[in-house]
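See below for the structure under consideration.
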Amino acid sequence: MAQVLIVDDAAFMRMQLKNIFTKLGHEVVGEAENGVQATELYEQLKPDIVSMDITMPEMNGVEATKEIKSKDGNATIIMCSAMGQQQMVLDAIKAGAKDFIVKPFTEERVKETLDKLL
Amino acid sequence: MTSSSEVNMNEIIKELYNGSVQSIKNVVPVDHQFDAPKLTTEPLQVQYGVLIGYSGTFKGDLLIQAKHNVFSAIGEALYGMQLSEEMLDSFSGELGNMVAGGLSTHLANAGIETDITHPTIISGDAKLTGFKRVLEVQINYEEIGGMTMSLLLNQ
C-alpha cells in the first residue's frame, strides 16, 4: 500500500483520484490545490507517490515537480493533466516526473502506472 | 486577393473547429448530434458556463455553456454519481479543462502551440464582449439536453 499526495486545483478531480487510489488499496495522506501547497505538504508528509496536475494557480505542476525533486531526488511524481501534447510531456519528464496520465483517464490507466512504479 | 494572414487564420479556425469537436467527443462519450457551426460577432449571453483562456499562436477563449442539469447529467453519466451544487462547479470547471486541454493537444499536433488558463465559472446573467468573432457549435446530448461550445477569437 502506498501513501499518496493528490495535487489538483479542482475539488472534483481530487475526489475522483482519491476514490481511485483508495479503491486500488492505497492511502491518500494529503491533498493540495496548487503547487505551493504541494511542495509544503510533500516536505511534511513524504508520500510514496504524488499525482500532480499541471495547470494550477500560484505555482504550476511542472514548477512544483522541479521544486520537490530539487529537495528529494527520489520523489515519485506522476503528472496528471488534460494537456497531452508532446512538449508538455517532455517538460514534465525533464522536470522529474516518472509518468504522464492524460485526462480524462480510467481507473485501469492509473493502476497500470502504479503497478509500474511501485 | 486573400492575404497570407487570412489564410493562416482560416487554417487556425479549421483546426479549432476540428479539435474542439474531437476533444468534446473524447471527453463526453455520450450519444449526441452536432448542429452546423456558426460564426458570429454578437455579444454572448451566459447563464452558466466555464471559460478557459488560450495564449500562444491562438489567442482567445473557449466557453462551454449549458444548464446546470445538463452539466450534472453529464457528470452522472461519466462518473456514475450525483454531484452536489458545490461539486458541480468544480466538475464543470474540470470538464472545460479537459476539453480545452484536448483541443490544445490537437492544435499542437497541427503545429499550433498554445497554453491554457485554469477554468473560470460564469454563473448568473453575464454578457460577454471584447472578442472579434465567435465560432459556435451546438451539441445535443440524447436524453440529457443541449450544450453550446464557443470559441472566442481575439484575432
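Please read these numbers as outputs of a predicted model, since none were measured by experiment. Each chain gets a letter, A, B and so on, in the order its sequence line appears, and its residues count up from 1. Hydrogens, waters and symmetry mates are skipped; everything else that's a heavy atom, side chains included, is used.
Taking both residues in full, the closest heavy atoms of A:D9 and B:P119 are given as OD2-CD, 4.5 Å, listed atom of the first, atom of the second, then distance. Pairing each heavy atom of A:Q85 with each of B:G101, the nearest pair is OE1-O, 4.5 Å.
For the side chain to side chain contact (heavy atoms under 4.5 Å, CB included) test with B:N97, the passing option among A:K103, A:M83, A:M13 is A:K103; the others fail.
More than 12 non-hydrogen atoms from other residues, nucleotides or ligands lie less than 6.0 angstrom from NZ of B:K59. Counting non-hydrogen atoms of other residues, nucleotides and ligands closer than 6.0 Å to CD of B:E143 gives a total of 12 or fewer. By the 6.0 Å contact criterion, CD on B:Q82 is open, its count of non-hydrogen atoms from other residues, nucleotides or ligands being 12 or less. Applying the 6.0 Å contact sphere to NZ of A:K18 captures no more than 12 heavy atoms from other residues, nucleotides or ligands. For NZ of A:K98, the number of neighbouring non-hydrogen atoms (other residues, nucleotides, ligands) closer than 6.0 Å is greater than 12. For A:E108, the CD atom counts as densely surrounded, since its 6.0 Å shell holds more than 12 non-hydrogen atoms of other residues, nucleotides or ligands. Residue-environment remark: NZ (B:K127) stays at or below the threshold of 12 foreign heavy atoms within 6.0 Å. Within a 6.0 Å radius of NZ in A:K46, more than 12 heavy atoms belonging to other residues, nucleotides or ligands are found.
The CZ atom of A:F12 sits 13.0 Å away from the CD atom of B:E86 when rounded to the nearest 0.5 Å. Atoms OG and CG, on B:S90 and A:D8 in that order, are 8.0 Å from each other to the nearest 0.5 Å. In this structure, CD on A:Q87 lies 7.0 Å from CD on B:E113, to the nearest 0.5 angstrom. Taking CG from A:D53 and CD from B:E94, the interatomic distance works out to 6.5 Å, rounded to the nearest 0.5 Å.
Hydrophobic cluster membership differs between B:I13 and B:L152, with clusters built from Ile, Leu, Val, Met, Phe, Trp and Tyr side chains linked at under 4.5 angstrom. B:V28 and B:V137 end up in the same hydrophobic cluster when Ile, Leu, Val, Met, Phe, Trp and Tyr side chains are linked at under 4.5 Å.
Interface remark: B:D89 contributes no atoms to any contact with chain A (heavy atom separation under 4.5 Å). Using a 4.5 Å cut-off between heavy atoms, A:N60 does not touch chain B at all. Heavy-atom distances place no part of B:L107 under 4.5 Å from chain A, backbone and side chain included. Interface remark: B:S23 contributes no atoms to any contact with chain A (heavy atom separation under 4.5 Å). If you measure heavy-atom distances from A:Q86 to chain B, you find no contacts under 4.5 Å at all.
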Requested in this report: Starting from the C-alpha separation in whole Å, work towards a yes-or-no answer on side-chain contact (heavy atoms from CB on, under 4.5 Å) for B:M98 and A:V102.
Outcome: CA-CA 9 Å; B:M98 289 190 287; A:V102 180; over 6 Å; no
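At a threshold of 4.5 Å between non-hydrogen side-chain atoms, the residues B:I116 and A:T55 count as touching. A heavy-atom distance below 4.5 Å is not found between the side chains of B:H118 and A:M56.
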